[in-house]
Amino acid sequence: MGAVTGYLYLSALLFSLGVLGVLVGRNTIVILMCVELMLNAVNIAFEALSVHFQTLDGQIAVFFVMSVAAAEVAVGLAIVITLFRNYLSVETHDAVTLRG
Amino acid sequence: MSLAAIIFSILTIISSLGVIGCANPLNSALCLVLTLFFVAAHYAMMGAHFVAAIQVLVYAGAIMVLVIFVIMLLGLERDESSSDFKKPRNVLTAAVIGLFIGMLIVAVQSGVAGAPVDGLADASIVNDGGGHAIGQVLFTRYVLPFEITGMLLLAAIIGAVYIAHEQRKPLAEGRGLKAVRNRE
Amino acid sequence: MSTIDIIAAAPLFCMTFGILALLVLDLFRIDALPFPRLWWGVGICGATAFLFWPFLSMNETAFSGMMAVDTFTFAFALMILGGSAVTFMLSDELLEGQRVEPSADLDLLVLFSALGGIMMVAATHMMLLFVGFELLSICVYVLTGSARNQRASSEGALKYFILGAFSSAFLLYGMALVYGATGSMYYSGIAAHIGEPSMMLLIGIGLMIFGFGFKVSLVPFHFWTPDVYQGAPTSMSGFMAVVVKAAAFGAFFRLMASGFGSVSASWSAMVAVLAVLSMTIGNVIALRQTSVKRMLAYSSIAHAGYAMVGFLALGEGGGAAVVFYMLVYSLMTLAAFGVVLVVSSGTEAQYDQDSIESLQGLGWTHPLLGIAMTVAMLSLAGVPPLGGFIGKFYLFSAAVRAGYTSIAVVAALNSVISLYYYLRVVVVMYFSGERQLSWEPPRVLVFGPRLALILLTTGTLYMGIFSSRYYETAQIAVRSLMQL
């Protein structure tokens, strides 16, 4: 089955590029976008496997991953906004800066 | 893989390199939108038209719009800070990623299982590509994860609103988002 | 729906309706509740736990084979709900000190995470595992950042979120590879069709361990733990250290034992390495900590390492030991965090009074807190006749029976090392020469935390002496799991 293997290679490559982006990235939102890239790579893998096996399980997995990714992005961006707001209003509490 | 699939794969890789490598976060976001479109094209070529449509609507259409919205709201499009790929730490990371890709390629090489074990193996409902079959499965076999996903979305809404909600007690004058826009 | 579905759904419905009722009540600001709102959360947890009781003696699956209705689910559901209820009781203190109008949002999120955790443990299909995992995680990201005007809280939330999303992507890719290698997403289907483990399967398992290792804070995936535990509001640190870890361990156990049990030879080596690294590094770094919350964070890393030892001995009672250890670990860690929470209650104070020195003389001024902390510390160190000792005994003896004697020795040595930093807290509380606290404690002990600490301390003592009945239940739980 050449097609599925080809798609799995594509998925592996995209996933690795996403990992590279997360490890190397300097802007928080870019890191978040690279995580989305990783999730899309996984989705491609699931879809290709679904077609290969001729069952719907992989496609359903794609749906669940998409919904979860949407929820995750919403919460993540909310956290980024809060952090930004706190970072600018430095006066409230300066005593604890987390190391590392 | 057909020629079209290969071409789209190359385009996907190129645009994802753009996501990682662009200096401006807004450009990264736009590259990601492009990548998502190419992924949707892959889904369509595999015959999953419904999923392709959802990918465009939800991922490229909703999630990325939100991300771009936040980038512009926080004024990040003026930050031009990309990762310096020549730093030794980044070279090491890239080497590790190379090994990682190698590992994954070995994994793929070893071959996929021949036949599904307990999937929904009715070929006719698989190949219709539309929502009918998916809807049927989602409410019969997968009803429990479906409902829990509903709870997850509710929880995410409550959580996101709670976290980002402006405090009742105002902070010092001129703080918060106003300061962002005035920042040079 | 068949009968089994209804039995399985009953506690889930109870939880869901409880959450929605709380949401509506909060929406319309119905403040005329005859009891404080926090106790609503305790009530929901209690009612749901009650509805889980039929699970105790069953061994089936529900909802098209997605959810396991067995003793194992029962045990972990009770642990998760108990931990959540205790978190509610301990948080009772905080609400009074806040200037912002109290809302039920945080309670809702705690209940949602409990639901996610239970789904994770009950899952026998990878999609339910994933969805439960994410429900738990997303709620906890928000809970970490819930002290919105504290920078440490938001930083911790962001760090946890990024690393959490990263590792759940690994978990997901592992799932895809396992699906590809075996053709099934059901644990039973995976087990039935593993055959000769291919590279795809093994690498998939490796990636899944990566994803879980982060949630459970094993070394080398532990770097987020001290910062996040320190930055989060203390009640939520306790919740994370106990409920999230217990849920993740339970889910991981079920996946490994019933899905990949037959290829355990392949992944035992990796597990052994992770266990030893976690124990050692967790203990060694804990020695140097001056902040109580960070010390407890490293302590929890070390304990994750001890628990992983049980995974090596699944055939020799190691599994039951892991389940039992989760129970005792929950009791003692929640007690420790509870004392820290009470001592530093009030949103600003807990970010100032985080050091071990601030506990000087606590044993004399607040006897209940002193006793609770002492019992918790000694139990964590593994001093007999407390629960912690019995738990470690079961774990290490299972490891020895399975032939991993050297690892058991390393674990025992680590326990001895850990005595130092656990005893140091006790010494500071009682023997530092101070009979007065050097700072002004906020208030007298409110009923909620008092009840919680009494329950936890009694539980730890009880487990030390009367453990056999609970250990037997754990054994039944694991046996039912292996057969599924």
Side-chain angles (χ1 to χ4, degrees), chain A residues 1-10 12-17 19-21 23-27 29-30 32-34 36-37 40 43-44 47-49 51-57 59-60 62-64 66-71 73-75 77-82 84-85 88-89 91-92, chain B residues 1 9 12-13 16 19-20 25 28-29 32 35-36 39 42-43 46-48 51 54 58-59 62-63 66-67 70-71 74 76 79 81 83 90 93-94 97 100-101 104-105 108 112 116 119-121 123 126 133-134 137-138 142 145 149 152-153 156 159-160 163-164 171-172 175-176 179-180:
Chain A
M1 292 284 160
V4 87
T5 326
Y7 275 117
L8 287 179
Y9 283 130
L10 173 66
L13 194 53
L14 271 183
F15 190 80
S16 316
L17 285 176
V19 173
L20 179 64
L23 295 177
V24 157
R26 289 195 40 199
N27 187 317
I29 298 204
V30 172
L32 179 59
M33 289 196 280
C34 291
E36 290 307 307
L37 196 56
N40 270 286
N43 272 347
I44 293 180
E47 186 63 47
L49 288 171
V51 170
H52 167 70
F53 287 137
Q54 289 285 297
T55 71
L56 277 178
D57 291 308
Q59 262 188 38
I60 302 290
V62 170
F63 268 103
F64 283 122
M66 251 190 244
S67 335
V68 167
V73 166
V75 168
L77 289 174
I79 293 177
V80 168
I81 288 180
T82 308
F84 225 79
R85 195 182 289 143
L88 289 170
S89 40
E91 299 210 288
T92 12
Chain B
M1 280 173 93
S9 301
T12 319
I13 305 277
S16 54
V19 176
I20 305 175
S28 279
L32 186 59
T35 314
L36 295 173
V39 170
H42 282 298
Y43 291 153
M46 285 195 248
V51 178
I54 296 292
V58 171
Y59 241 122
I63 297 179
L66 184 61
V67 170
V70 170
I71 291 178
L74 298 182
L76 292 175
D79 280 343
S81 60
S83 334
N90 287 342
T93 313
I97 298 295
F100 187 68
I101 296 180
L104 289 179
I105 291 181
V108 176
V112 178
L120 304 135
V126 171
I134 293 174
V137 172
L138 214 50
Y142 283 87
T149 307
L152 192 154
L153 292 170
I163 278 252
L171 304 160
R175 299 288 178 168
V180 182

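The sequence lines fix the lettering, A, B, ..., with proteins before strands; numbering per chain opens at 1.
Here A:Leu32 pairs with A:Leu77, C:Phe161 under the side chain to side chain contact (heavy atoms under 4.5 Å, CB included) rule; sequence neighbours left out. Taking A:Phe63 as the reference, B:Phe50 meet the ring-ring contact (aromatic ring centres under 6.0 Å, His included) condition, with sequence neighbours excluded.
For the pair A:Leu10/B:Ile13, a side-chain contact is recorded, criterion being any heavy-atom separation below 4.5 Å from C-beta on. Side-chain contact check for B:Tyr43 versus A:Val51: every heavy-atom pair is 4.5 Å or farther apart. A:Asn43 places none of its side-chain heavy atoms less than 4.5 Å from the side chain of B:Val51. For the pair B:Thr12 and A:Leu14, the minimum side-chain heavy-atom distance is below 4.5 Å. Taking 4.5 Å as the limit, every side-chain heavy atom of B:Ile63 sits out of range of all side-chain heavy atoms of A:Met66.
Residue B:Ser9 holds its OG atom at 7.5 Å from CD1 of A:Ile44, rounded to the nearest 0.5 Å. Atoms CG and CG, from B:Leu138 and A:Leu56 in turn, are 10.5 Å apart once rounded to the nearest 0.5 Å. Atom OG of B:Ser28 is separated from atom CD1 of A:Ile29 by 10.5 Å, given to the nearest 0.5 angstrom. B:Leu32 CG to A:Asn40 CG: the interatomic distance, rounded to the nearest 0.5 Å, is 7.0 Å. Here B:Ile97 contributes atom CD1 and A:Phe15 contributes atom CZ; the two are 9.5 Å apart, rounded to the nearest 0.5 Å. A distance of 7.0 Å separates CD1 in B:Ile71 from CG in A:Asn27, rounded to the nearest 0.5 Å.
Between A:Ala71 and B:Leu152 the shortest heavy-atom distance is CB-CD2, 3.3 Å. Of all non-hydrogen atoms in B:Ala29 and A:Met33, the two that sit nearest each other are CA-SD, 3.4 Å. The two residues A:Cys34 and B:Ile20 make their nearest non-hydrogen contact at SG-CG1, 4.4 Å. Heavy-atom minimum distance, A:Leu17 versus B:Ser16: CD1-OG, 3.5 Å. Residues B:Ala94 and A:Leu20 share a closest heavy-atom pair of CA-CD1, 3.9 Å. When all heavy atoms of B:Ile163 and A:Ala78 are compared, the closest pair comes out as CG2-O, 3.6 Å.
Comparing B:Val58, B:Val19, B:Ile101, B:Leu153 by heavy-atom pairs within less than 4.5 Å of chain A, the highest count is held by B:Ile101.
The aromatic rings of B:His42 and A:Tyr7 stand perpendicular to each other, their planes meeting at an angle above 60°, with 30° marking the opposite boundary.
Proximity to chain B (any heavy atom under 4.5 Å) is restricted, for A:Val62, to the side chain, taken from C-beta onward.
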